[in-house]
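When a residue number appears, it is its place in the shown sequence, counting from 1. As a basis for the values below, the full set of heavy atoms in this structure was taken, side chains included, without hydrogen atoms, waters or symmetry mates.
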Amino acid sequence: MAAIIVGCGRAGTSSSELLDDFSYESTSKTEKEEDTVSEANNVNAAAEDFLGQWEYTKNDEYIMLAIVELDGEYQAAVSWNESTGMTKEWEYTLKYKDGKLVCDSYGLKSEINESKLAAQGDVIDLSDIMKTTPNQTAEFYMTSEGICWNNLSEGSAKDIVFKFLQNVG
């Protein structure tokens with residue numbers, strides 16, 4: 001699988017780096033952490049409750065969410081792989097507000113047509129296989145089911161609840 005990553009938010013940090021910066025040794029939260037997440041809602045979740053790697057799977061869709069804290073800022077990367085050979089990625093720099101992580105602006109969406117990328121071989125015309133959309137906005141909030149993603153720019157995340165996958169290492 002080929003991937004082209006366009007960075008945004010924090011200089012030098014791409015969504016693939018955020019998704020790769022996890023320790024795979026711990027795959028479940030402690031009992032205390034699970035209780036905190038299950039009792040949290042969109043008003044009283046602590047910023048630390050959002051950290052980690054989360055996933056959503058349904059039919060042929062797989063969406064990965066990674067949220068990390070870097071130098072006091074929260075960074076989120078969402079990677080949405082569709083069965084059509086299209087990958088969509090969002091990168092957000094977030095602020096903690098009223099129990100939510102919020103990106104008011106400067107998020108970036110990249111759409112990558114991997115089937116066209118594979119067909120092009122050695123010569124790649126990026127304009128044919130990748131589209132980027134700046135100024136994306138979003139918020140993430142906690143429910144007893146997991147993290148909800150509200151894509152404020154597009155509304156494309158309706159009914160998506162990410163389940164906890166693993167702690168940040």
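Put simply, the side chain of Gln75 reaches to within 4.5 Å of the side chain of Thr93, judged on heavy atoms. Contact of the Tyr56 side chain with the Ile160 side chain is registered, since non-hydrogen atoms from C-beta on lie closer than 4.5 Å. The shortest side-chain heavy-atom distance between Trp90 and Asn151 falls under the 4.5 Å cut-off. In this structure the side chain of Leu108 never reaches within 4.5 angstrom of the side chain of Thr133, judged on heavy atoms. Considering only heavy atoms from C-beta on, Leu101 comes within 4.5 Å of Ile67 through its side chain. Within the 4.5 Å cutoff, no side-chain heavy atoms of Val102 are placed close to those of Leu94.
Annotation: side chain to side chain donor-acceptor pair (under 3.5 Å) contacts of Thr57 (sequence neighbours excluded): none. Residues that satisfy the side chain to side chain donor-acceptor pair (under 3.5 Å) test with Asn150, not counting sequence neighbours, are Glu139. Taking the side chain to side chain contact (heavy atoms under 4.5 Å, CB included) definition, one finds that Glu82 meets it with Trp80, Thr84, Met86, Lys88, sequence neighbours left out. For Glu55, the side chain to side chain donor-acceptor pair (under 3.5 Å) partners at least two apart in sequence or on another chain are Tyr62. Qualifying salt bridge (Lys or Arg N to Asp or Glu O under 4.0 Å) partners for Glu154, counting only residues two or more places apart in sequence or in other chains: Lys109. With sequence neighbours left out, Lys163 forms a salt bridge (Lys or Arg N to Asp or Glu O under 4.0 Å) with Glu145.
Between Asp159 and Lys58, none of the side-chain N atoms (NZ, or NE/NH1/NH2) sits under 4.0 Å from a carboxylate O, so this pair counts as no salt bridge.
Residues Ala45 and Phe50 come closest through the heavy atom pair CB-CE1, 3.9 Å. Contact detail for Ala76 and Phe140: the closest heavy-atom pair is CB-CE1, 4.1 Å.
Within the 3.5 Å criterion, the main-chain N or O of Thr137 finds a donor-acceptor partner in the side chain of Ser153.
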